[in-house]
Amino acid sequence: MRPPAVLDIRHITQFLPEAPFNFDATLHKPDHFPAADNIWQPGVRWQTMLWQNQPLGLKFENQGAIAQPEIRLTVWAKDELSRSFLQELRAEINYRYNLLADLTEFNQRFSDDAQLGPAINRWLGMRPFSCNSLYEYLIIAIVLQNATIRRSVQMMQALFEKYGTLLAYDGQELYCFWLPEVITRATEEALRELKVGYRAKSIKRVSEAFSREDINELELRFKPKEDQRAVLLGLYGIGPASVGYILFDVFHHWGELTHISPWEQKIYSKLFFETTPDEPVEVNELLALFEKRFSDYKMLAVHYFWEDLFWRRKYEKLEWLEKLIRL
DNA sequence: CATCAGGGCCCTG
DNA sequence: CAGGGCCCTGAT
């Protein structure tokens, strides 16, 4: 293992998220697989970030409360960072972590919903977030395809060790993502050695597309949802399931829910129809229910149910759920 | 031991 | 639009 790059330049800055804001439920998603680029503990998240070609070490600390939110962000870097760099970084973090998103309408509209209301109460101020760039999220999506959790974790770790940068800051050692060009220079065989299987081709071709700048993430943010979908589907190895996650997590379309995979179908069936896993409710019926009850907020609503479930799983064993999660 | 479906997607017919 | 193939792995 290469020695870590030590980051010793430090900047401290403060964020004032829109209230209500739930720090832990926003910055930690118990359903995400663990990865070597972040660590969470209550009130703190360490996260690496590759921004404008600079590997950064971030540390988010909760300094407020749900009604009076305040985050202290410490940024570690190798070199001195310019004022404009830090300003743009701040804007990017506000965007990726949805810190300024206004949840008022969502909270009010569903506070009386017998099922969603209590979940909103428990997780008031929780937002979806993606700490990753679009390119990075695409790599994660590819690694998730047709694999168990354990295997996704193993593939991601192998990719980090081979192509990422190990960073040391604040007493932590975490990997940082690579630039697409790095994978462009790798052969498909070299990728296959990391046990990513047929995904090697997708990882390489997506990296090539970003290296050529076929896709400009910042521009794509301002395009209509269906244009975004079409662009993403045009990438080799990226299909409707991956795109669904991206339109929600990366592009913040809170009503995007068009694809439900078999394991998710079984969990939704249990949550909304009390069915047994061997006889799940039809996907179309689930989609119709979500559309009717939550319309343009349906994925955000589902996010609340989903996270609620996985937070519970952290502290109590839910036998039926364990059987449905492919570890 | 073998077979199979899968935290999908591509390609072919 | 249906169905086979693909890296692997856990379930049966």
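We name chains A, B, ... by the order of the sequence lines, and we start the count at 1 in each one.
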When the P atoms of C:dC7 and B:dC1 are considered, how many whole Å apart are they?
-> 24 Å
Not counting sequence neighbours, which residues clear salt bridge (Lys or Arg N to Asp or Glu O under 4.0 Å) with [X]? List them please.
X        : answer
A:Arg312 : none
A:Lys78  : none
A:Glu213 : none
A:Glu105 : A:Arg109

So the contacted stretch of DNA chain C, first to last nucleotide with an atom under 4.0 Å from a non-hydrogen atom of chain A, runs from C:dC6 to C:dG10
ring-ring contact (aromatic ring centres under 6.0 Å, His included) pairs touching residues 266-287 of chain A, sequence neighbours excluded, are A:Tyr268-A:Phe290, A:Tyr268-A:Trp306, A:Phe272-A:Phe290, A:Phe272-A:Phe305
Residue pairs passing the ring-ring contact (aromatic ring centres under 6.0 Å, His included) test with at least one member in residues 205-229 of chain A, sequence neighbours excluded, are A:Tyr135-A:Phe210
In numerical order, the residues of residues 234-251 of chain A whose heavy atoms come under 4.0 Å of DNA chain B are A:Leu235, A:Tyr236, A:Gly237, A:Ile238, A:Gly239, A:Pro240, A:Ala241, A:Ser242
Residues pairing under side chain to side chain donor-acceptor pair (under 3.5 Å) where one sits in residues 280-289 of chain A, two or more places apart or in two chains, turn out to be none
The complete set of side chain to side chain donor-acceptor pair (under 3.5 Å) pairs with one or both residues in residues 11-28 of chain A, sequence neighbours excluded, reads A:His11-A:Glu80, A:Thr13-A:Arg90, A:Gln14-A:Glu70, A:Asp24-A:Trp40, A:His28-A:Lys314
By nearest-nucleotide position on DNA chain B, the 5'-leaning member of A:Ser202 and A:Trp263 is A:Trp263
Contacts of A:Tyr198 and A:Lys201 projected onto DNA chain B by closest heavy atom; the upstream (5') one is A:Tyr198
ask   = Within the structure shown, what part of the strands sits under 4.0 Å from A:Arg150 by heavy-atom distance: base, sugar-phosphate, or nothing?
value = sugar-phosphate
For DNA chain C, the expected dot-bracket line (Watson-Crick or G-U under 3.5 Å, [ ] crossing, | inter-strand) is ||||||.|||||
Step through it carefully: locate the ring centre of A:Phe251, locate the ring centre of A:Tyr95, and say whether they are under 6.0 Å apart.
-> no
Applied to residues 193-206 of chain A, the salt bridge (Lys or Arg N to Asp or Glu O under 4.0 Å) test, sequence neighbours excluded, yields A:Lys204-A:Glu208
